Number of protein chains: 2
Amino acid sequence: MASTAAGDGSRPGVEGRRPHDPRVVGDAPARLRADAAHNRRALLDAASATFAEEGMDASIARIAARAGIGKGTVFRHFATKQHLVVAIFCDRLDRLADLGAELSTAPDPAAALSEFMTVGVEQQASDRSFCQAATGDTRNDPAVRAASVRLAEVAETLTARARDAGSIRADVTGQDVVLLLGAACQAAAPVAATAPELWRRYLALIFDGLRPQAAHPLPHPAPTRTQLADEAAAAGSAG
Amino acid sequence: MASTAAGDGSRPGVEGRRPHDPRVVGDAPARLRADAAHNRRALLDAASATFAEEGMDASIARIAARAGIGKGTVFRHFATKQHLVVAIFCDRLDRLADLGAELSTAPDPAAALSEFMTVGVEQQASDRSFCQAATGDTRNDPAVRAASVRLAEVAETLTARARDAGSIRADVTGQDVVLLLGAACQAAAPVAATAPELWRRYLALIFDGLRPQAAHPLPHPAPTRTQLADEAAAAGSAG
DNA sequence: AGAGAAGCGGACCGCGCGGTCAGGTTATGA
DNA sequence: TCATAACCTGACCGCGCGGTCCGCTTCTCT
């Protein structure tokens, strides 16, 4: 799984300490040797699966073993465990955004939004690391923030269409929709082992809350589109 | 904070390996010396606050320092870090259940349910460890399971009253309500630093989904009252 | 084919964690 | 007051983690 091109594992500030460090994209070739490309993909697949099963606490050693490569090779491709996490998390976000972009021209706006949310929750429900990453330091990474913003924009488009069609209450934003994905997932999480599809129930319940018929005034304004960036700034200045 | 009598930190199977280990309640005195009782309370308060701020990854050393006691003292009261976590988590659950029990005789059932959920989410929103504990191994502990069952029963009472009053759709159970507390909390978590009260918005949205006006058929049956126990069994057999 | 860059692997390091223990300290009850 | 059980402390242990390093292998290009 997760065999598409995921992330690059490079940060601008990181300078190679050995001749031609592949983590530096720079203006250099940035061309991967065939075996290196193969290992990289195996690593990303193994990391994706392992993080999904064990959460972000999964050790690099286990991931490397699963990918059939040495531990050192992992750090050749990603300077830090965090960089690896970021690459995979961004990939997840991007894929969901891609789906949303496709759905944004679908004939039935309400069905499109529902489909978008269903896939989004399903993705999270089968991935223990997703919620952890959404709440932890990972969120502050610039690449993650960029992907989050894009996802929010796509969600906003979908939401606006459904709203204009009268399928969704007027006071709900795309940001709300994105954040509610994690909500449905979290509700079902405590009993995920015995009822792996329970998230469908809570997604449906939440979706009912989005309908105009249910609308009661909301006691708090929606988060702004760039709230995640503000969040990072707050986290940086604080603790 | 959290100064009420919280947990006992003892497991039946644990046998003391030193003369009169206080972690064993047994049929023995189980009477704490004055200074020991004081330290224990300081420990529980410090652990509660630290876990809330830093999550369950907070180290025992930090907690001990905050409580002004030695690390060894922590393990004198709680055989394991997990036991300490369980004690605190059970305390949280019990307190919420207590509130629910009080509210179960309030005149307005819908307002009572709303109040119950508001306090429940508020409690979690200010406690980083709560969601982690609700999803991790902690949930399998027998004491936690007992507290969870009690909480579910109280929630069921509140829900039934609101349902009978026609304030809540018929296909929603107390278990649903409990699980949805975590949902509202999780939705707001990613932007908790910049919008600490945002959970109110999502709780209101979810509550709107509980109203009869919004009711659409739910695609998955509600979890049973003892689902958490089954969950533990499944986790035990699997792994 | 051969030179040399690119890539690989796994022993190794320092760290901080949960948990232990021997020996000093203090509350308690007679 | 005093004997003793209960209690506290902090140095200590083993472990597994993220991350480093360098000798060796493998691909690539001419």
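Chain identifiers are assigned alphabetically (A, B, ...) following the order of the sequence lines, protein sequences preceding nucleic acid strands; residue numbering begins at 1 within each chain. For clarity, every value in this text was computed on a predicted model and none was experimentally measured. Values below: every heavy atom of this structure, side chains too, minus hydrogens, waters and symmetry copies.
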side-chain N/O [X] vs [N] OP1/OP2, d < 4.0 Å:
{"X": "B:Arg76", "N": "D:dC7", "result": "yes"}
{"X": "B:Asn39", "N": "D:dC7", "result": "no"}
{"X": "A:Thr80", "N": "D:dG19", "result": "yes"}
{"X": "A:His77", "N": "C:dC8", "result": "yes"}
{"X": "A:Ser59", "N": "D:dG16", "result": "no"}

d(A:Leu181 CG, A:Phe130 CZ) to nearest 0.5 Å is 8.0 Å
Remember a base hit wins even if backbone is also touched, and classify B:Lys71 as base, sugar-phosphate or nothing at under 4.0 Å, heavy atoms.
base
Taking [atom1] from [X] and [atom2] from [N], how many angstroms apart are they, rounded to a whole number?
{"X": "A:Ile63", "N": "D:dG19", "atom1": "CD1", "atom2": "C1'", "result": "14 Å"}
{"X": "A:Phe78", "N": "D:dG19", "atom1": "CZ", "atom2": "P", "result": "13 Å"}
{"X": "B:Ile60", "N": "C:dT20", "atom1": "CD1", "atom2": "P", "result": "12 Å"}
{"X": "A:Lys81", "N": "D:dG19", "atom1": "NZ", "atom2": "P", "result": "8 Å"}
{"X": "A:Leu43", "N": "C:dG7", "atom1": "CG", "atom2": "C1'", "result": "14 Å"}
{"X": "A:Arg31", "N": "C:dA5", "atom1": "CZ", "atom2": "C1'", "result": "16 Å"}
{"X": "A:His38", "N": "C:dC8", "atom1": "NE2", "atom2": "P", "result": "11 Å"}
{"X": "A:Met56", "N": "D:dG18", "atom1": "CE", "atom2": "C1'", "result": "14 Å"}

Want to settle it: does A:Ile69 or B:Asp35 sit nearer the 5' end of DNA chain C, counting the closest nucleotide to each?
A:Ile69
Taking the nucleotide of DNA chain C with the closest heavy atom to each, which residue, A:Gly68 or B:Arg33, is nearer the 5' end?
A:Gly68
Proximity to the side chain of A:Thr73 - top-ranked nucleotide from C:dA27, C:dG18, C:dG9
C:dG9
Donor-acceptor contacts, no H, no angles, side chain residues 63-70 of chain A, under 3.5 Å, sequence neighbours left out:
| unit_1 | atom_1 | unit_2 | atom_2 | d |
| --- | --- | --- | --- | --- |
| A:Arg66 | NH1 | A:Thr50 | OG1 | 3.3 |
| A:Arg66 | NH1 | A:Glu53 | OE1 | 3.3 |
| A:Arg66 | NH2 | A:Glu53 | OE2 | 3.2 |

By nearest-heavy-atom nucleotide on DNA chain D, the more 5' of B:Gly70 and A:Gly72 is B:Gly70
Would you mind checking if B:Asp91 and B:Arg95 are paired as a salt bridge, meaning a charged N to carboxylate O distance below 4.0 Å?
yes
Atom CG of B:Asp35: over 12 foreign heavy atoms under 6.0 Å
yes
Test salt bridge (Lys or Arg N to Asp or Glu O under 4.0 Å) applied to A:Asp98 and A:Arg150, step by step
CA-CA 10 Å; A:Asp98 288 345; A:Arg150 183 181 162 229; 2.7 Å; yes
